[in-house]
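When a residue number appears, it is its place in the shown sequence, counting from 1.
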Amino acid sequence: MTEPRLGASEFQRLLGQSRRTVFWALDEASGPWELEPGEAPASGADWFFMVSFPRTGSSVAALILNRHTDVYCGQEHLILPLFMTVLHSRLLIAPDLWFSVRYLKKIPVTPTNVRALMDAWRRCVSNKRIFGDKGEMYHQHFGAACTAVFPGCKFVLTVRHPLDTLSSYIQQPWAVYMRTDGNQEAFHESMRARAREMLAGNAAWRHRAEVIEFEQLDSEAELRSTFSRVFAHLGADPTGYDWEGGWALCQHRLAFGRWERDAEVLEFMDWLKTRDEQLHRL
């Protein structure tokens with residue numbers, strides 16, 4: 001089983017060092033991912049979003065996309081959720097940084113206003129013809145906002161064997177929240193919740209997005225087939241792509257079937273069989 005690159009205790013220590021007192025009150029009338037009524041923006045067909053549950057191969061997919069001369073894909077910049085969350089805040093102030101962080105809700109969170117902010121951010125980041133970002137927030141909550149702010153935008157969904165995904169997920173330092181109380185039953189319940197969330201999200205997105213299956217990137221021929229389809233979906237010409245360079249990024253083949261060597265996932269599956277037979281079958 002692969003060890004995490006950053007231990008949970010080290011991750012918690014870094015979080016502790018970064019804490020500041022913040023007073024933050026969201027608008028109670030709506031969620032951060034909701035938009036207020038307003039005029040529709042211009043076409044956003046040159047924007048795309050990679051909707052992904054964590055640990056499904058989205059990072060390598062973004063690196064592969066970025067090698068195309070016409071495509072830029074962010075690595076979880078998540079600026080759209082950031083802008084919308086701040087704009088929805090009735091009050092956001094950090095007393096330790098009072099001179100630089102202070103906001104009272106004044107700007108309507110309309111598609112046009114959010115689009116203006118996003119277009120300005122894009123100009124600061126890349127001049128490539130096709131522009132996008134990837135992240136789990138798009139997979140979970142902000143998909144409808146993407147469509148409203150960027151009419152005609154494209155979506156790409158990354159998927160991976162669910163048990164391999166869980167095996168990798170629980171080893172990440174940011175997954176320490178699943179183990180905080182040392183209760184094995186609670187840990188398994190949390191794994192079940194993540195599995196349901198992943199499968200439900202993937203099912204909802206499959207009919208709206210071009211799909212990249214992690215396991216199909218185990219050969220150069222499959223890489224070409226998959227990303228030729230994705231580039232065509234995004235409106236980029238695949239014929240001039242550096243396929244050798246793209247294939248060199250695919251060093252993940254040992255990650256296939258990792259759950260079969262993961263004692264925690266095997267124990268979870270035994271637990272799940274007696275608690276949730278339907279999910280166990282899925």
Side-chain angles (χ1 to χ4, degrees), residues 1-8 10-11 14 47-82 125-126 128 130-143 146 154-176 194 197-198 201-202 205-206 209-220 222-231 233-234 236 241-259 262:
M1 189 161 55
T2 304
E3 291 297 320
R5 288 169 291 182
L6 185 65
E10 178 69 3
F11 184 74
L14 291 173
W47 283 78
F48 73 94
F49 296 89
M50 190 181 296
V51 291
S52 55
F53 190 84
R55 312 307 295 171
T56 55
S58 61
S59 292
V60 69
L63 291 173
I64 292 169
L65 289 176
N66 270 321
R67 291 189 68 88
H68 196 291
T69 55
D70 285 338
V71 180
Y72 175 85
C73 183
Q75 287 279 8
E76 297 184 36
H77 292 317
L78 299 171
I79 300 297
L80 176 68
L82 172 62
V125 174
S126 173
K128 287 189 175 182
I130 300 167
F131 188 92
D133 189 24
K134 68 101 168 173
E136 62 178 301
M137 289 187 184
Y138 305 122
H139 184 267
Q140 294 171 345
H141 294 299
F142 284 86
C146 292
K154 313 296 196 310
F155 295 99
V156 177
L157 170 68
T158 60
V159 296
R160 181 185 183 187
H161 190 297
L163 295 180
D164 280 345
T165 302
L166 284 177
S167 175
S168 181
Y169 186 101
I170 62 177
Q171 294 305 314
Q172 304 310 305
W174 36 257
V176 68
R194 298 291 75 74
E197 178 186 341
M198 168 176 42
N202 289 349
W205 276 110
R206 276 186 179 273
E210 198 68 29
V211 180
I212 298 174
E213 294 189 18
F214 186 72
E215 288 77 13
Q216 289 186 345
L217 304 183
D218 63 344
S219 72
E220 189 170 359
E222 288 284 5
L223 170 81
R224 286 175 178 262
S225 174
T226 297
F227 278 88
S228 290
R229 174 169 43 82
V230 172
F231 284 135
H233 173 67
L234 297 179
Y241 185 71
D242 173 20
W243 293 108
E244 269 189 38
W247 173 241
L249 297 171
C250 295
Q251 304 296 325
H252 53 264
R253 290 175 288 285
L254 292 178
F256 299 159
R258 64 172 288 163
W259 73 271
D262 189 330

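At least one side-chain heavy atom of Ser228 sits under 4.5 Å from a side-chain heavy atom of Trp243. Contact check for Leu65 versus Val230: side-chain heavy atoms found under the 4.5 Å cut-off. When side chains are defined from C-beta on, Val156 counts as touching Leu234, because their heavy atoms get closer than 4.5 Å.
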- request: Would you sort out whether Ile212 and Leu217 count as a side chain to side chain contact (heavy atoms under 4.5 Å, CB included), showing the intermediate values?
  value: CA-CA 9 Å; Ile212 298 174; Leu217 304 183; 4.2 Å; yes
query: Given Val159 and Thr56, is the side chain to side chain contact (heavy atoms under 4.5 Å, CB included) satisfied, shown in steps?
result: CA-CA 5 Å; Val159 296; Thr56 55; 5.7 Å; no
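Minimum heavy-atom separation, Cys250 to Ile64: SG-CD1, 3.9 Å. Across all their heavy atoms, Met137 and Leu78 have their closest contact at CB-CD2, 4.1 Å. Ser52 and Lys134 get closest at one heavy-atom pair: OG-CD, 4.4 Å. Closest approach of Thr158 to Ser58, counting heavy atoms only: OG1-CB, 3.7 Å.
The structure places CD1 of Ile130 at 13.0 Å from CH2 of Trp47, a figure rounded to the nearest 0.5 Å. To the nearest 0.5 Å, atoms OG1 (Thr165) and CH2 (Trp259) are separated by 12.5 Å. For the atom pair Glu136 CD and Glu76 CD, the distance stands at 6.5 Å (nearest 0.5 Å). The line from CZ of Arg258 to CG of Leu163 is 11.5 Å long, rounded to the nearest 0.5 Å. Arg67 contributes atom CZ, which lies 14.0 Å from atom CH2 of Trp247 (distance to the nearest 0.5 angstrom). Put simply, CD on Glu220 and CZ on Arg224 are 5.0 Å apart, with the number rounded to the nearest 0.5 Å.
Checked by atom type and distance alone, the side chain of Asp164 never pairs as donor or acceptor with a backbone atom of Phe256 at under 3.5 Å. Formation of a donor-acceptor pair under 3.5 Å by the Gln172 side chain with backbone atoms of Ser168 is found in this model. Of the possible donor and acceptor atoms, one in the side chain of His233 sits under 3.5 Å from a partner among the backbone N and O of Phe155. Between the side chain of Asp70 and the main chain of Ala236, no donor-acceptor pair closer than 3.5 Å is present. For Gln75 (side chain) and Ala62 (main-chain N/O), no donor-acceptor pair under 3.5 Å exists by modelled atom type.
Ring centers of Phe227 and Tyr241: at least 6.0 Å apart, outside the cut-off. Centroid-to-centroid, the aromatic rings of Trp174 and Tyr169 come within less than 6.0 Å.
Under the ring-ring contact (aromatic ring centres under 6.0 Å, His included) rule, Phe49 has a single partner from Tyr138, Phe142, Trp205, Phe131, which is Tyr138.
Salt bridge status for Arg229 with Glu210: present, with a side-chain N to carboxylate O gap under 4.0 Å. Here Glu213 does not pair with Arg160 in a salt bridge; the nearest charged N to carboxylate O distance is not below 4.0 Å.
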